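Quick caveat, the model's predicted, so the values are computed rather than measured. A note on names: the letters A, B, ... follow the listed sequences, proteins ahead of strands, and every chain is numbered from 1.
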Number of protein chains: 2
Amino acid sequence: MAYDLILQNIAKHISLTPAEKQYFTSMLKSEELKKKALVLREGQLCNNIYYVSSGILRAYHLDKDAKEATIMFALSDWWITDMFCFINCQPAMLFIEAVENSSIVGLQKKDLDQLLIEVPKFERFFRIIMQNAYIREQLRVIQNLSLSAEERYHSFLTKYPQVVKQVTQKKIASYLGITPEFLSSLKVNKTKN
Amino acid sequence: MAYDLILQNIAKHISLTPAEKQYFTSMLKSEELKKKALVLREGQLCNNIYYVSSGILRAYHLDKDAKEATIMFALSDWWITDMFCFINCQPAMLFIEAVENSSIVGLQKKDLDQLLIEVPKFERFFRIIMQNAYIREQLRVIQNLSLSAEERYHSFLTKYPQVVKQVTQKKIASYLGITPEFLSSLKVNKTKN
DNA sequence: TTAGATTCTTAATATACCTTAACTCCTTTG
DNA sequence: CAAAGGAGTTAAGGTATATTAAGAATCTAA
């Protein structure tokens, strides 16, 4: 079935009965995305959280000068949304696009709320998802504060080798908080050492 | 009782029976901290998560040049720990100190694990705590990537007016990722406009 | 298959922020 | 209460990174 992967993802942390699996998957909606398709744009209500079955998604923010800041890359088996706006039912501050052709599974906010009540085991699952997300962002804050651009780039290379292969340098630069030009010059200087 | 505040904090998200309250509080250990006392130092095993009953705590990281990066301030009614190391039972990468005399309540990792099994309602509570922490860090990443030092400072002033009153500028600078000298000069230029 | 768009590179110039240092004012501690 | 250390300020000079611009390489779509 189309929902094998997401069920495996959930089975990493909690065990569901067949009835619970059935109930859960009845809430899901799978979607195919073409490269460059947007699943969320700024200002739009953010109703869904997405599980990435295959491909790669990117969440980014546009600042007042229309400069992009990449907030996260979501590879297959990751969950992604504009969490603040999803939880608070507010217009999104982020764009989410498919970097490559991707298939995703969407779960709506109202269905998630109901799921957490009907099958409280899911509280544990999402506690772990949120916990991992928090830890990831906290490590990123530490690195942003204490490493140079070059050090952050090398850390990125070892942490996300998959992303490096599939994503343009421009997007990686916007994740690191530097310009593509400067990233380009970093690479040159590196090979000189 | 000493645990009134923490029980109220929990009651914001879940309802406990008297027996559950009793079971939960039996796991807690309250502690008084003098200003500048450390509750965690880098390299030490991070066994506890702390609820701040009063006062203010600060988590920071020391980089290879012994420069401090402030990761978070925890005012009263906040939870704080080195989450990565707490969850993975690893030596801490952070220091946590009392900025002022503070009283805190500690919960040990092994007790939390048991609590989550015995009283699954707590999964919901900690899901919400983690979710809020994730959202907070993500908003911080967005700001770090898309705002200038001056803009981040003004955002900090409106977001954490309490912290501004109780904490030295040196520490605020290290939260913003700038030097105290530069923060000082920002304030001067601001009053000129 | 070619035209146009986008990405990557290189280099010159510009700027936000850092470093160092000296001085003043507080706070802490003996 | 005095002494010492830490915090805040100011300013000169330095560096990491941004901006602009132009050319080469690569991708995209008609």
Modelled atom types, side-chain donor and acceptor of A/Y51 and A/D77, under 3.5 Å: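 Checked: A/Y51/A/D77 side chains pair up, N/O donor to acceptor below 3.5 Å.
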Please tell me whether A/S53 and A/S103 have a donor and an acceptor in their side chains that are separated by less than 3.5 angstrom.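 There is no such pair (donor and acceptor under 3.5 Å, judged by atom type) between the side chains of A/S53 and A/S103.
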Does OP1 or OP2 of C/dT28 have a side-chain N or O of B/K35 closer than 4.0 Å? yes
Measuring to OP1 and OP2 of C/dC8, would you say a side-chain N or O of A/K170 lies under 4.0 angstrom away? no
Measure [atom1]/[X] against [atom2]/[N] and give the value in whole Å, please.
{"X": "B/L145", "N": "D/dA18", "atom1": "CG", "atom2": "P", "answer": "11 Å"}
{"X": "A/K187", "N": "C/dT9", "atom1": "NZ", "atom2": "C1'", "answer": "10 Å"}
{"X": "A/R152", "N": "D/dA16", "atom1": "CZ", "atom2": "C1'", "answer": "11 Å"}
{"X": "A/E151", "N": "D/dT17", "atom1": "CD", "atom2": "P", "answer": "9 Å"}
{"X": "B/N101", "N": "C/dT27", "atom1": "CG", "atom2": "P", "answer": "16 Å"}
{"X": "B/E68", "N": "C/dC18", "atom1": "CD", "atom2": "P", "answer": "15 Å"}
{"X": "A/F182", "N": "D/dA21", "atom1": "CZ", "atom2": "P", "answer": "21 Å"}
{"X": "A/D65", "N": "D/dT20", "atom1": "CG", "atom2": "P", "answer": "10 Å"}

Scan B/S184 against the nucleic acid and name what it touches under 4.0 Å (heavy atoms): base, sugar-phosphate only, or nothing. base
Under 4.0 angstrom, heavy atoms only, what part of the nucleic acid is B/T179 near: base, sugar-phosphate, or nothing?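 The answer is base, as B/T179 lies within the cut-off (heavy atoms under 4.0 Å) of a base atom.
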Toward the 5' end of DNA chain C, which comes first, A/E181 or B/K36, by nearest nucleotide? A/E181
Between B/K187 and B/E150, is a side-chain contact (heavy atoms from CB on, under 4.5 Å) present by the stated rule, with each step listed? CA-CA 9 Å; B/K187 289 172 58 184; B/E150 185 168 12; over 6 Å; no
Out of D/dT9, D/dA18, D/dA7, which has the shortest distance to the side chain of A/I178? D/dA18
How many angstroms lie between NZ in A/K21 and OG in A/S15, if you round to the nearest 0.5 Å? 8.5 Å
Hey, does the side chain of A/E151 reach the backbone of A/S148 with a donor-acceptor pair shorter than 3.5 angstrom? yes
